[in-house]
Amino acid sequence: MKRREFIQIAGITGATAALAGCGHPEHQLIRFVPEEDLEPGTDEWKPSICPACRAGCGILARVMEGEAEVVRKNQLGLMNMGLVKKLEGNPLHPVSRGKLCPRGQAAIQITYHPDRITDPLRRTGPRGSGEFQRITWEEGLQELTAKIQELVRTGQESALAFFTRPLGVQAGRLVELFLASLGAPPAVAFEVFDEVVLRRANELSFGRAQLPTFDLGNTNYLISFGADFLGTWNSPVAHARAYGEMRQGRPGVRGKFVQVEPRMSQTGANADEWIPARPGTEGILALGLAQVILTEKLRPMRAASDAQNLLEGCARGLPEYTPEEVQKKTGVARATVERLAREMATHSPALAIIGGAPLAQTNGLFNALAVNALNILLGSIGQPGGIFFTPEPSTHARARKQKAISVRALAERITSGEGDSVKALLLYDANPVFGTPPGWRVRDAFERIPFMVSFGSFLDETSILADLVLPDHSYLESWVEHVPESGTTLAVESLAPPAMRPLHNTRSMPDVLLAVAHQLGGRVGAALEWESFDAMLRESLAALSKPGAGGSKEPPMSWEKAQKQGGWWSAPVNSPKFALRTARVPALRSQEPEWDGSPQQFPFHFLPYPSQSFLDGSLAHLPWLQELPDVLATAMWGTWVEINPQTAERLRIEQGDVVEVASPHGKLQAPALLSPGIAPDVLAMPVGQGHRNFTRYARGRGANPLEILTPLVEPETGALAWAATRVRIVRVGQGKLVLFGGDLGVSPRKRSNR
């Protein structure tokens, strides 16, 4: 028997055994008749959209004939079909322009994952046990429809909740129409590292509640406050391409780059200068730079006047932010503050970026507004080498603007018994049980909900609590759409049909909602009258086929061409214009960050950060990413605690030792990794590992730093202040780190005992 044949049969046997263990009859090995005509050895490149982060990079999927394990008519077997074999960046797409990051490359494993849910499931054991029984789609839809009908009949429509990851515009519109027609509250969009603070700051500063787009390619001087824009923040592929142009794309011109952060990121490792400021003081440093520029009159008076609209005290020269005072509060030397300010002001165009941990403090909004004001002073708003905002196609329509309740507020309402309790919850591709601090009691709240339905493709910490699982297609098997929030100055509507046929007995979430709406009838059926999601997409995007669509001077694009190239895009008629807001002048008072825990008991700042491989943990189930070495640490298949070598020596901690990190809200254990790129009073951990449920590749691997976070929030937006926790650390024993190239992570103590 050939090795390839053995792997195929072994895979089918394993899947069959798993189903049989759930009480299902054993399946026989079946070879299904192909459902499409294929030409052997011929490939076709089809467009799609990368799902690995919110950047929405356009991709191309290489489709060729292949043999796959599929589920047809509740039976598992083999079939020859068109399969996606490789992913690459779409060179036509304005965001990716032919590039794709490692996370995007690995996303192909979502479709072929061995632990993917292949059929609808109904819970049979205790909640959270993972015991499910396979059912038909007819049974699943009937059960979901009956529950919603019961809520409507008893006047409890407001007791229906919908939790989801951030959706595309049209998918989000469909969900909101579904909920609004029922009289249910808006959907709750959840992500661990959300950007609500920066959006709010931009709304106050520029009238745009949106992430910015940076013209890095034309920037001569760049300073970043905590933003890992080359690694995990905002639109990394677009940033990396533009950063290359800034550094090497202009003959004779090489822009300077300064990174301010207490723990060196992938972006910081690429900087000309890395400056560790005290956590939470980034806004003070930004205003210190502005103070020098104003005092020394390094910018025209008009720029100072514009900044005065946002900078309280600007007219007086910001006397509270002298280099001496800034040094006391931030730890950045006075001479460095003065030098950076002069360099920025004399190397126009200059640009300041803020993202990541500075926004995840209780004073995150202050930090963001301070950097916005610095950019106004530098004259970088809407100018080459500065800040822009990606325009939205004019065809977008929102179902409603009612503000949704947050995860924290809803969990508090459920656990306290106040207000209308949630009777039914719909869950789509979000994992708040894993991604929230224990003080929010999200798992406790969800366990109290009588009926939960998951549309997910995998059982994670949240979906395992569901009573009913109606599994979604993968993105390669679905109609997909996305409107990039950042990464390009063009108006973009990404769109792609399925790149391949579904492998299993799954259905797309939008089509499931449409089917339920049709069964409910009445006002719900009337609000969602489309037969399928692709019919909704075609109708919604039809306006883009008309002359002048989206504010463009370009010729109209046909529906067929948009599908073929991966969407619609064209340049706006006019350059973006920004109205600087002045109504919130007093908002920019100096604010110190708050911390949970005294410095005496918890002497270290704790900095969880998005993993280069897993981001917030949603990609930890992909084995390619598990074995991908960290860019800086080279660690793989686990997690670690980064500590400064001087601090480690003082505490008698060596590389690879197991340490215990404790906060006022919990403790965890992980091996130590000594890093000179971290401040002596800071401990850092990547987020992503520590899953209790989430397939064979992620379950029981490493520790989850989110489990020891304080429940503090930024007061105006309610965003989790995930960088506001203090901790202590002690060595508990010998351990081992898995590092690329060998057992270099074994502590010297352990090696000496071999």
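What you are looking at is a predicted structure, and each value in this text was computed from that prediction instead of being measured.
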For the student: nearest non-hydrogen atoms of Pro671 and Gly656, plus distance: CB-O, 3.8 Å
Interatomic distance, Phe229 atom CZ to Gln266 atom CD [nearest 0.5 angstrom]: 10.5 Å
Pairs meeting criterion side-chain hydrogen bond (donor to acceptor under 3.5 Å, both in side chains) with involvement of residues 702-713, two or more places apart: Asp596-Thr710, Arg692-Glu707
Minimum heavy-atom distance between Leu459 and Val469, given as atom pair plus value: CD2-CG2, 4.4 Å
Backbone N/O of Ala635 and side chain of Asp630: donor-acceptor pair under 3.5 Å: no
Any residue meeting ring pair (Phe, Tyr, Trp, His ring centres under 6.0 Å) with Tyr609, in chain and number order, not counting sequence neighbours: none
Under 3.5 Å: donor-acceptor pair, side chain of Ser486, backbone of Pro212: yes
Parallel, tilted or perpendicular, as decided by the 30° and 60° cut-offs, for the rings of Phe193 and Trp722: perpendicular
Side chains of Glu642 and Trp640, donor plus acceptor under 3.5 Å: yes
ring-ring contact (aromatic ring centres under 6.0 Å, His included) assessment of Phe434 paired with Phe694: CA-CA 10 Å; Phe434 175 84; Phe694 197 27; 8.1 Å; no
Salt bridge present between Arg199 and Glu485 (N-O < 4.0 angstrom): yes
Residue pair Glu481 / Val169: nearest heavy atoms and the distance that separates them: OE1-N, 3.4 Å
Centroid-centroid under 6.0 Å between Phe455 and Phe163 rings: no
Residues Thr390, Thr213; criterion side-chain hydrogen bond (donor to acceptor under 3.5 Å, both in side chains); working and verdict: CA-CA 6 Å; Thr390 297; Thr213 292; 2.8 Å; yes
Distance-only polar pair, side chains of Glu714 and Thr362, donor-acceptor under 3.5 Å: no
Residue list, side chain to side chain donor-acceptor pair (under 3.5 Å) with Arg54, at least two apart or on another chain: Glu191
Arg701 side chain to Tyr697 backbone, donor-acceptor under 3.5 Å: yes
Salt-bridge criterion met for Glu88 and Lys86 (N-O under 4.0 Å): yes
Considering all heavy atoms, the nearest Asp115-Arg696 contact: OD1-NH2, 2.6 Å
side-chain contact (heavy atoms from CB on, under 4.5 Å) evaluation trace for Arg116 with Leu503: CA-CA 10 Å; Arg116 186 177 160 196; Leu503 291 176; 4.3 Å; yes
Euclidean distance, Leu619 CG relative to Ser611 OG, rounded to 0.5 Å: 8.5 Å
Within-4.5 Å side-chain heavy-atom neighbours: Pro437 and Leu706: no
From OG (Ser508) to CD (Glu477), nearest 0.5 Å: 10.5 Å
Nearest heavy atoms of Ala620 and Gln689, plus distance in Å: CB-OE1, 4.4 Å
Electrostatic pair Glu176:Arg173 at N-O distance under 4.0 angstrom: no
Chi angles and distances behind the side-chain hydrogen bond (donor to acceptor under 3.5 Å, both in side chains) call for Trp233, Glu195: CA-CA 10 Å; Trp233 184 75; Glu195 299 289 352; 2.9 Å; yes
Distance-only polar pair, side chains of Asp472 and Ser457, donor-acceptor under 3.5 Å: no
Derivation and outcome, side-chain hydrogen bond (donor to acceptor under 3.5 Å, both in side chains), residues Ser463 and Ser454: CA-CA 6 Å; Ser463 61; Ser454 170; 4.5 Å; no
Centroid-centroid under 6.0 Å between Phe214 and Phe388 rings: no
Side chain Thr118, main chain His504, donor-acceptor under 3.5 Å: no
Stepwise side-chain hydrogen bond (donor to acceptor under 3.5 Å, both in side chains) test for Thr267 and Asn270: CA-CA 5 Å; Thr267 301; Asn270 284 274; over 6 Å; no
Thr232 side, atom OG1; Asp616 side, atom CG - distance, nearest 0.5 Å: 10.5 Å
Inter-residue atom distance Ile223.CD1 - Thr219.OG1, 0.5 Å rounding: 13.0 Å
N/O donor-acceptor pair under 3.5 Å between His691 side chain and Gly688 backbone: yes
Closest non-hydrogen atom pair between Ala271 and Phe257, with its separation: CA-CD2, 3.4 Å
Trp274 and Pro276, any side-chain heavy atoms less than 4.5 Å apart: yes
Electrostatic pair Glu447:Arg443 at N-O distance under 4.0 angstrom: yes
Distance-only polar pair, side chains of Glu282 and Gln361, donor-acceptor under 3.5 Å: no
Short side-chain donor-acceptor distance under 3.5 Å, Asn431 and Glu461: yes
Ala107 backbone acceptor or donor facing Tyr475 side chain under 3.5 Å: yes
Rounded distance [0.5 Å steps], CH2 in Trp479 versus OG in Ser48: 11.5 Å
Pair Phe190 and Tyr428, ring centroids less than 6.0 Å apart: no
Aromatic plane relationship, Phe458 with His113 - under 30° parallel, 30 to 60° tilted, over 60° perpendicular: perpendicular
Over 12 foreign heavy atoms within 6.0 Å of NZ, Lys46: yes
